[in-house]
Amino acid sequence: MALVNPHPALKVAVPMNPMVDGWMATNWFHNGAFREQGMNYIYEQEATRGNEEKWWTNHFDDYDVFMESVSAGELGRRHGLDQVGFLAASFWIIPVTMRWWQEQAMDRILAAQPLKVPTMLVASLWDQEDIYGAPAVYKALKARDANGDKIVSRARPLASRTGDRRWQLARSHQI
């Protein structure tokens, strides 16, 4: 957000794994599709204040649970999630909220702004959030960088030790 109408004191920005579009790549959505694997987490976090309620299932495999329910909405209703405000407001009114969420996408917002601050985007190639954000912003902003001196992108695998051979290889092959 610091890149939208940046403060004059901001001389450079280094967003690391920016989460830029909640519909394209988050724990809840992937390319606009709701990821049902997170419903048990939502239930256990939101059903009661003290986290006492636990998700239940009568199947060994979640795939069977999803197929039996037919839709995320029906699975949620079967578990009482239609009574939990977070889920009902955020996920089940998808046609209403989809446009609003898309308008919140930082890659789109930044593409409409002049690029004023040199920016190095860092991606760690770790999970779905990391993989999408930096490349999306880079793609959106590269065309705005007329002189080729304001936007650069780097991607590296996440490593626990700087002595890790994969880390050393990644450093030698920056994008």
Side-chain angles (χ1 to χ4, degrees), residues 1-42 45-46 66 71-73 76 85-175:
M1 292 298 287
L3 291 172
V4 177
N5 300 317
H7 188 278
L10 183 65
K11 300 302 179 197
V12 67
V14 185
M16 184 167 185
N17 301 322
M19 207 299 270
V20 299
D21 189 334
W23 279 91
M24 291 302 292
T26 66
N27 290 332
W28 310 122
F29 293 93
H30 184 72
N31 291 326
F34 180 64
R35 300 177 69 200
E36 293 180 14
Q37 302 96 321
M39 292 181 84
N40 62 339
Y41 176 80
I42 295 168
Q45 293 294 310
E46 299 288 329
F66 302 147
S71 71
F86 172 77
L87 186 76
S90 300
F91 299 143
W92 287 348
I93 312 172
I94 289 174
V96 175
T97 60
M98 190 152 120
R99 181 171 176 197
W100 184 86
W101 279 109
Q102 289 175 341
E103 290 171 354
Q104 307 312 305
M106 286 307 299
D107 53 342
R108 294 178 187 194
I109 292 170
L110 291 171
Q113 301 279 326
L115 188 56
K116 298 177 182 173
V117 178
T119 304
M120 180 172 69
L121 295 155
V122 179
S124 68
L125 305 179
W126 180 251
D127 62 17
Q128 72 274 3
E129 294 91 353
D130 299 344
I131 290 172
Y132 181 80
V137 172
Y138 180 78
K139 183 179 177 183
L141 296 182
K142 186 63 180 165
R144 313 259 325 149
D145 186 11
N147 296 329
D149 60 351
K150 291 253 194 282
I151 187 81
V152 65
S153 180
R154 297 288 181 257
R156 296 182 173 154
L158 202 58
S160 59
R161 302 179 312 273
T162 55
D164 188 320
R165 180 71 181 138
R166 291 171 297 169
W167 177 257
Q168 292 169 353
L169 288 172
R171 290 184 65 200
S172 66
H173 293 94
Q174 295 179 353
I175 62 168

Can you tell me how far apart OG1 (T119) and CG (L10) are? Round to the nearest 0.5 Å. 7.5 Å
Within this structure, what is the CD1-CE distance for the pair I151 and M120, rounded to the nearest 0.5 Å? 10.5 Å
Kindly give the heavy-atom pair with the smallest separation between [X] and [Y], and that separation in Å.
X	Y	result
I109	Q104	CD1-O, 3.8 Å
D107	A136	OD2-CB, 3.6 Å
A123	A134	CB-CB, 3.7 Å
L141	A111	CD2-N, 4.1 Å
V117	A13	CG1-N, 3.8 Å
F66	Q37	CZ-N, 4.0 Å

Test side chain to side chain contact (heavy atoms under 4.5 Å, CB included) on M106 and L3; report intermediate values, then the result. CA-CA 10 Å; M106 286 307 299; L3 291 172; over 6 Å; no
Would you check if the side chain of R108 reaches a backbone N or O of E103 as a donor-acceptor pair within less than 3.5 Å?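 The answer is no, because no donor-acceptor pair under 3.5 Å joins these two groups.
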